[in-house]
Amino acid sequence: MAPEMTKVHPLIVRIAHWLNALAVLIMITSGWKIYNADPQFDFKFPDEVALGGWLAGALQWHFAAMWLFVLNGIVYVTYGILFGHFRRKLLPISPLAVLRDVAAALRGKLGHDDLTVYNAAQRAAYLALILLLIVLVLTGLVLWKPVQFYWFGQFLGDYEGARLLHFFAMAGVGFIVVVHIIMVALVPRTFPSMFTGRVRRSA
Ligand code: HEM
C-alpha cells in the first residue's frame, strides 16, 4: 500500500511551537545571567551558557524575548482553547494512564505506531509545560513590576516568594524540555512533522 500522509500539527501550532522554543531558549539562558548577578542558591550558571554578556545586556535579552513569548503564548493558548486543540490532543488524561505510560517509556516499551495521538506521558508533559510557562509569566510580572503587581505578589509570597517560584518553574521547564528533546531523538520521525505538519500513517 502507498504511504498515506496524515495531518498531525496545524500550521498555527507549528509556528507557535518554534517561536516558543526560540523565546524559551533566550529567556532561560538570559535568566541564568540575571540569576548570576545575585544568586539565590550556592551556585552560579557557567558564563559560557548564560546569554547577555553582563546584567544589563541579559535583562535586555530577557525583556525582548518576553514580548515574543507572551504574545505567541496568547495566540497558542487562545487557539488551543477556542478551537478544541487542547481538548482533542491533550485530554482526557488520568494519573493512572500517565504512570502506566511513563513506566512503559522507562522500560523502552512505549508504542509510537500512531503519531496522530499523544500518549498519556506526552499529554502530561505538554500540559505541565504549558502550566509552568504560565507560572513563569505570572511570577515574572511580579519581578518585572514589583510596585504595580504588589497586590498580586502577596499571593505568591511577595517578591522573594515570586523569585523562588520563578526559579523552580524555570527548572521544571528546563527538565521537561531536556526529556522532550531526548524523546524526539528516540522517535526521530516526529521531528519533521513539527515542520511539515504531516506524518506517514502506513508504509
Ligand atoms: C524549548 C522549549 C520547547 C517547548 C516549551 C516545547 C513544547 C512542546 C509542546 C507543548 C508540544 C505539543 C504541541 C501541541 O500539539 O500543541 C510540542 C511538540 C513537539 N515538539 Fe516541542 N517544545 C520545545 C522544544 C522543542 C525542540 C528543541 C524540539 C526538537 C528537537 C521539539 C520537537 C517537538 C516535536 C517533534 C513535537 C511533536 C511531537 C509528536 O508529534 O509526537 N520541541 N513541544
Side-chain angles (χ1 to χ4, degrees), residues 4-32 45 49-51 61-62 64-93 97-98 101-102 104-105 108-140 166 168-202:
E4 182 197 325
M5 301 304 280
T6 179
K7 193 153 188 196
V8 273
H9 304 301
L11 180 65
I12 192 164
V13 169
R14 283 176 275 148
I15 296 176
H17 176 269
W18 292 118
L19 287 179
N20 181 57
L22 175 70
V24 167
L25 180 71
I26 295 175
M27 294 213 70
I28 289 191
T29 51
S30 59
W32 289 345
F45 294 95
V49 291
L51 178 71
W61 276 106
H62 210 66
M66 168 183 93
W67 291 108
L68 173 64
F69 175 65
V70 169
L71 294 176
N72 183 56
I74 289 173
V75 171
Y76 172 68
V77 172
T78 307
Y79 170 80
I81 294 172
L82 291 188
F83 289 82
H85 173 74
F86 291 157
R87 187 173 34 78
R88 266 193 315 276
K89 299 279 283 192
L90 305 181
L91 297 176
I93 184 163
V98 175
D101 282 1
V102 169
K109 291 203 157 51
L110 190 58
H112 300 285
D113 300 334
D114 186 359
L115 293 185
T116 61
V117 180
Y118 290 143
N119 59 54
Q122 271 177 305
R123 290 177 190 206
Y126 297 154
L127 281 170
L129 267 178
I130 294 165
L131 288 179
L132 284 173
L133 292 171
I134 292 172
V135 170
L136 279 167
V137 173
L138 296 179
T139 49
H166 201 67
F168 286 120
M170 175 282 295
V173 167
F175 173 74
I176 299 176
V177 167
V178 168
V179 174
H180 178 51
I181 293 172
I182 292 173
M183 294 312 288
V184 173
L186 290 176
V187 190
R189 68 189 201 285
T190 58
F191 185 62
S193 77
M194 245 317 166
F195 294 96
T196 63
R198 290 167 193 283
V199 285
R200 193 158 294 192
R201 178 158 260 174
S202 56

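Both counts, for ligands and for their atoms, begin at 1 and track the order of listing.
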**OP:** Locate the shortest heavy-atom distance separating Asp101 from Ala120; write the atom from each residue and the value.
**Re:** OD2-N, 2.9 Å
**OP:** Kindly say whether the aromatic ring centers of Phe69 and Tyr76 come within a distance under 6.0 Å.
**Re:** no
Original post:
When you measure from the side chain of Arg189 to the backbone N and O of Val199, does any donor-acceptor pair fall under 3.5 Å?
Top reply: no
Could you pull out every N or O of ligand 1 that sits under 3.5 Å from a protein N or O, with the distance for each pair?
{"residue": "ligand 1", "atom": "15 (O)", "partner": "His85", "partner atom": "NE2", "Å": "3.3"}
{"residue": "ligand 1", "atom": "15 (O)", "partner": "Tyr118", "partner atom": "OH", "Å": "2.6"}
{"residue": "ligand 1", "atom": "16 (O)", "partner": "Tyr76", "partner atom": "OH", "Å": "2.6"}
{"residue": "ligand 1", "atom": "16 (O)", "partner": "His85", "partner atom": "NE2", "Å": "2.7"}
{"residue": "ligand 1", "atom": "20 (N)", "partner": "His17", "partner atom": "NE2", "Å": "2.8"}
{"residue": "ligand 1", "atom": "20 (N)", "partner": "His180", "partner atom": "NE2", "Å": "2.7"}
{"residue": "ligand 1", "atom": "22 (N)", "partner": "His17", "partner atom": "NE2", "Å": "2.9"}
{"residue": "ligand 1", "atom": "22 (N)", "partner": "His180", "partner atom": "NE2", "Å": "3.0"}
{"residue": "ligand 1", "atom": "40 (O)", "partner": "His9", "partner atom": "NE2", "Å": "3.0"}
{"residue": "ligand 1", "atom": "41 (O)", "partner": "Gln122", "partner atom": "NE2", "Å": "3.0"}
{"residue": "ligand 1", "atom": "42 (N)", "partner": "His17", "partner atom": "NE2", "Å": "2.8"}
{"residue": "ligand 1", "atom": "42 (N)", "partner": "His180", "partner atom": "NE2", "Å": "2.9"}
{"residue": "ligand 1", "atom": "43 (N)", "partner": "His17", "partner atom": "NE2", "Å": "2.8"}
{"residue": "ligand 1", "atom": "43 (N)", "partner": "His180", "partner atom": "NE2", "Å": "2.9"}

**OP:** Kindly check if the number of other-residue, nucleotide or ligand heavy atoms within 6.0 Å of CZ (Phe168) is above 12?
**Re:** yes
Show me, pair by pair, the donor-acceptor contacts under 3.5 angstrom made by side chains of residues 17-28, not counting sequence neighbours?
{"residue": "Trp18", "atom": "NE1", "partner": "Met194", "partner atom": "O", "Å": "3.0"}

**OP:** Can you label the angle between the Phe191 ring and the Phe195 ring as parallel, tilted or perpendicular, going by 30° and 60°?
**Re:** perpendicular
